[in-house]
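Atoms within a ligand are numbered from 1 in the order they appear, just like the ligands themselves. For the single chain, residues carry numbers from 1 onward in sequence order.
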Amino acid sequence: MKVDVVLGLQWGDEGKGKIVDFLSPKYDVVARFQGGPNAGHSLHFEGKSYVLHSIPSGIFHSDKANIIGNGVVLDPITFRSEIVALLNEYPYIKNNLYISRKTHLILPTHRVLDAASEASKGKTKIGSTLKGIGPTYMDKTGRNGLRVGDTLTKQFKDKYHSLVKKHKRLISNYDFDYDIAEKEKEWFEAVEFMHQFQIVDSEFLINKYISDKKLILAEGAQGTLLDIDFGTYPYVTSSSTVSAGACIGLGIAPNKLGDIYGIFKSYTTRVGSGPFPTELFDEDGTKLQNLGNEIGATTGRARRCGWLDLVALKYTVLINGITKLILTKADVLTGFDTIKLAVAYKINGEETTEFPYDIEQDIEPIYKEFPSWKFDKDIKSYEKMPLEFKNYVRFIEDFVGAPVNIISVGPDRSETIFRS
Ligand code: GDP
Ligand code: IMO
Ligand code: MG
């Protein structure tokens, strides 16, 4: 059996949580492969709303195994508060949630390092969520990190303190005040709390599921334009958000991958700093923000908004080998008469459809206009959707070279349309 992947094709917040939850009934296992509590995945169903940061979005289906993969970075404090908020209503999660022994841990001092580094950058700051992501992945690749498996060994406290000592030396290079005493206490309690969950060699578990012909869905966080290699560097996150990241972040061989679902919104948003060629600073931008309710699920920051960028989308479809596209927030554009799609960039007087290395230079997007559409939110089939919408979908498919398979027309699980 092949492992399918769901990931974001823009700068995050494309609706991954909603879609993974929607697709979960088709699968036996849902596994997060990278990122950490910088993610905020929102789910709405049966009148209830949740935001998940570290827990996979298949958790609301009691018969599914959910795995936090080795590629994830886990903050025990955030993990505990997420679990505590769910445990009463969903007590089964103690039995169906697995954590990889190789998952790296975010320490309180990683958060301090993140904050100190951002403060020192002034205007060039990344706009990090300040969850300690960058410093934790730096310790992982620098071979200094602390993993979930370490917390079960006798050397755990020694390893912790020797890493914190290193961190304190690094922090002293910044002019930054901090006090981690309280947080440290909370962190150790949260590590104890984490031990009631199943800590496993998840690469063996997942490969056993594969050989038992179970269906597996790998859930990405962030989006391809935030990928450490292919995103708008340095305004990116610190992990591999692309489809290949699912192999590394779960221990799955590339030939085991099946469908690669790429999610994109009908427009574009970005939180944090960094270039954004189609960003709107006019009424249309404000309208997208209001109609799309574009407020960050993790930090509460307003998301920057702009038109859909097909130059960027074609690039992210290519990098991931997308087999199926998922279009979200199709309902938001019903508030407009005319909408725009960027179909080329003009750079130094020359037009290109290739996403450039230097995305910070002066880029003028070339737009194609489309009439918007009106549809009933209760619409249940693609066939019944208006012609204007179908023409827009066909144009996108032809441009990026992948078919749109699912369309989301509202935040609720039920507001989703499969295109057969
Ligand atoms: P994720 O990080 O990719 O899981 O996305 P977020 O949850 O951070 O942000 C997506 C936001 O859009 C959430 O508030 C969702 O509830 C909401 N959403 C998802 N799909 C749709 C849709 O089709 N229409 C509308 N209006 N909202 C949606
Ligand atoms: P989900 O999974 C949107 C952005 C931050 C910042 C940059 C680096 O909900 O789509 P980091 O904290 O990783 O050091 O921040 O990446 N960012 C996200 N933007 N959605 C996310 O996750 C994000 N995770 C990180 O705003 O610009
Ligand atoms: Mg999000």
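Considering only non-hydrogen atoms, atom 7 (O) of ligand 1 lies nearest to S42 out of G8, S42, S49.
A cation-pi arrangement is not found for K64 relative to Y27, the charged atom failing to lie both closer than 6.0 Å to the ring centre and inside a 45° cone about the ring normal. At least one cation-pi condition fails for R304 and F276: the charged atom is not both under 6.0 angstrom from the six-membered ring centre and inside a 45 degree cone around its axis.
Contact annotation for H41 and ligand 2: only side-chain heavy atoms (C-beta onward) come within less than 4.0 Å of the ligand. Looking at K16 against ligand 2, only its side chain comes within 4.0 Å, counting heavy atoms. Here D13 has heavy atoms under 4.0 Å from ligand 2 in both its backbone and its side chain. The proximity of I263 to ligand 1, defined as any non-hydrogen pair under 4.0 Å, does not occur for either the backbone or the side chain. Contact annotation: for V236 versus ligand 2, heavy atoms closer than 4.0 Å belong to the backbone alone.
Taking atom 17 (C) of ligand 1 as the reference point, the nearest protein heavy-atom neighbour is K329 CE, 3.7 Å.
By the neighbour-count criterion of 12 heavy atoms within 6.0 Å, atom NZ of K390 is densely surrounded, having more than that number from other residues, nucleotides or ligands.
When distances to the Mg ion (ligand 3) are checked against a cut-off of 2.8 Å, K16 contributes no N, O or S atom below that limit.
Ring geometry for F355 against Y345 counts as tilted: the plane angle lies between 30° and 60°, on a 0 to 90° scale.
The W11 neighbourhood of ligand 2 comprises atoms 3 (C), 19 (N), with distances under 4.0 Å to a heavy atom of that residue. Near G127, meaning under 4.0 Å from one of its heavy atoms, ligand 2 places the atoms 5 (C), 6 (C), 26 (O), 27 (O). For ligand 2, the atoms closer than 4.0 angstrom to any heavy atom of L226 are 4 (C), 16 (O), 17 (N), 18 (C), 19 (N). Near A39, meaning under 4.0 Å from any of its heavy atoms, are these atoms of ligand 2: 1 (P), 2 (O), 9 (O), 22 (O). Proximity to A221 (heavy-atom distance under 4.0 Å) selects the following atoms of ligand 2: 2 (O).
Inter-residue side-chain proximity for I396 and F264 is flagged as met; some heavy-atom pair is nearer than 4.5 Å.
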